[in-house]
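On a predicted model such as this, the values are computed, not experimentally measured, just so you know. The first residue of the sequence shown is numbered 1, and numbering continues consecutively from there.
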Amino acid sequence: MKYLILSDIHANKEAFAAVLAHVKRKPWDKVVFLGDLVGYGANPNQAVDQMRAIRKPFVGIRGNHDKVCAGIEDGEMFNRIALEAAMWTRRKLTGSNMKWLTSLPRGPMVVDGAFAISHGTPIDEDAYIFGEIEALNVFRQTAFPLCFFGHSHFPVLFGLSPDAIQTVLTDTEAFRFRLEPGVRYLVNPGSIGQPRDGNPLASFAMFDSDSRSVTIYRVPYKVERAQRKILDAGLPRPLADRLALGR
C-alpha cells in the first residue's frame with residue numbers, strides 16, 4: 001500500500017494546495033496526518049476544509065497546536081508568538097472545524113499494522129526528536145519497527161541497527177530511501193506549512209509498504225501570498241518572515 005504522509009501544515013493554504021496538486025497524479029491509497037493542521041498561518045478553516053475534502057481513506061492524530069487552537073489545552077507552554085496565533089485561530093475556526101479538530105485522537109497510533117505514527121514522540125506527544133540522543137531514547141522505550149513523527153519541522157530519518165544509530169538527512173527535492181531489514185526507523189517527513197531546516201519548500205513524504213521505501217518530497221509554493229495573508233490578518237510578523245527562510 002502507498003501512504004501519503006503529511007505533517008505540520010499550520011494553516012498554510014498555499015503550501016497545502018501545492019502539495020495536493022503535486023500528488024494528484026501520483027498513485028497513493030491513504031493519507032496519514034501527523035498533527036498540527038492549524039496554528040501560525042492565516043487560513044485555518046481553509047486548511048481543515050482541504051484536509052476534510054480529500055476523497056481517500058484518512059487516518060490522523062492531533063498536534064500540540066491543534067490542541068490549543070481547539071481549546072483542549074490553554075497553551076501555557078507556548079511562546080508569546082505561538083500563543084497569539086493560537087488564540088487568533090481559536091476565534092476564527094468554525095464550529096464544524098473546531099469539532100473536527102477536537103475529534104483528532106492522541107498519538108501514538110498504529111496504522112494498518114504496518115507502522116506507528118506520533119506527533120512529538122510515541123512516548124510524549126509534545127516532546128521533540130531533534131537528534132540521535134532523543135531518537136535513541138525513543139528506540140529504547142518503544143518497540144515499533146517504524147514510526148513516522150512530526151513536530152520538529154525537520155525532515156530526517158533515524159535508523160537503529162544492532163551495531164549503531166544513523167541519521168539520514170534529505171538533500172534533493174525527491175529523496176528516496178529504502179528501509180533495510182532488521183533496522184528500526186523513526187522518520188520525520190518535514191513540515192508542509194512551516195519548514196525549519198533552512199529550506200522554504202513544503203516538505204512531505206510517501207511510504208510504499210510493499211517496496212519498503214520512503215520518499216521525501218520538497219515542493220515550491222506561493223510563499224509571498226502566504227506571507228501577505230499573515231500580515232493582513234494582524235498576526236505577528238515573524239510568522240511571515242520565517243516562511244521565506246525555512247527556519
Would you name the heavy atoms of Asn137 and Ile123 that are closest together and state the gap between them?
O-CD1, 4.1 Å
Check this for me: does any side-chain nitrogen of one of Glu125 and Arg106 sit under 4.0 Å from a carboxylate oxygen of the other?
yes
Please report the interatomic distance CZ(Phe177) to CG(Leu157), rounded to the nearest 0.5 Å.
6.0 Å
Kindly give the heavy-atom pair with the smallest separation between Ala174 and Thr215, and that separation in Å.
C-CG2, 4.2 Å
Among Ser203, Ser7, Ser152, which one satisfies side-chain hydrogen bond (donor to acceptor under 3.5 Å, both in side chains) with Asn188?
Ser152
Give a yes or no on this: more than 12 heavy atoms of other residues, nucleotides or ligands lie within 6.0 Å of atom CE of Met1.
yes
Determine whether a donor-acceptor pair (N or O, by modelled atom type, separation under 3.5 Å) exists between the side chain of Asp8 and the backbone of His151.
yes
Hey, what do you get for CG (Asn12) to CD1 (Ile192), rounding to the nearest 0.5 Å?
9.0 Å
Taking the six-membered ring of Tyr40, is NZ or CZ of Arg242 closer than 6.0 Å to its centre and within 45° of its axis?
yes
Looking at side-chain heavy atoms only, is the closest gap between Val111 and Phe148 below 4.5 Å?
no
Roughly how far, to the nearest 0.5 Å, is CD1 of Ile230 from CG of Leu239?
5.5 Å
Ring centre gap for Trp100 and Phe58 strictly below 6.0 Å:
yes
Can we say Arg228 and Glu224 salt-bridge, meaning some charged N sits less than 4.0 Å from an Asp/Glu carboxylate O?
no
Inter-residue atom distance Ile54.CD1 - Leu20.CG, 0.5 Å rounding:
5.0 Å
Electrostatic pair Asp29-Lys2, nearest N-O below 4.0 angstrom
no
Quick one: CD on Glu132 to CG on Leu160, what's the gap to the nearest 0.5 Å?
10.0 Å
Quiz question: by atom type and distance under 3.5 Å, do the side chains of His119 and Asn64 form a donor-acceptor pair?
yes
Does Cys147 reach the side chain of Ser118, with side-chain heavy atoms less than 4.5 Å apart?
yes
Are the side chains of Leu186 and Phe139 in touch, meaning some heavy atoms are under 4.5 Å apart?
yes
Of Tyr221, Tyr217, Phe16, which meets ring pair (Phe, Tyr, Trp, His ring centres under 6.0 Å) against Phe204?
Tyr217
Rounded distance [0.5 Å steps], SG in Cys69 versus NZ in Lys92:
13.5 Å
Residues Asn43 and Lys229: side-chain donor-acceptor under 3.5 angstrom:
yes
Donor on one side chain, acceptor on other, Tyr3 and Asp112, under 3.5 Å:
yes
So, are Arg62 and Asp36 salt-bridged, with charged N and O less than 4.0 Å apart?
no
Is there a side-chain contact between Val214 and Arg178 (heavy atoms, below 4.5 Å)?
no
If you measure only the distance, is there a donor-acceptor pair under 3.5 Å linking the side chains of Ser96 and Arg52?
yes
Tyr185 and Phe158 aromatic centres sub-6.0 Å:
no
Could you tell me whether Lys56 atom NZ has more than 12 heavy atoms of other residues or ligands within 6.0 Å of it?
yes
Is the backbone N or O of Val138 less than 3.5 Å from a side-chain atom of Gln141, with the two atoms forming a donor-acceptor pair by type?
no
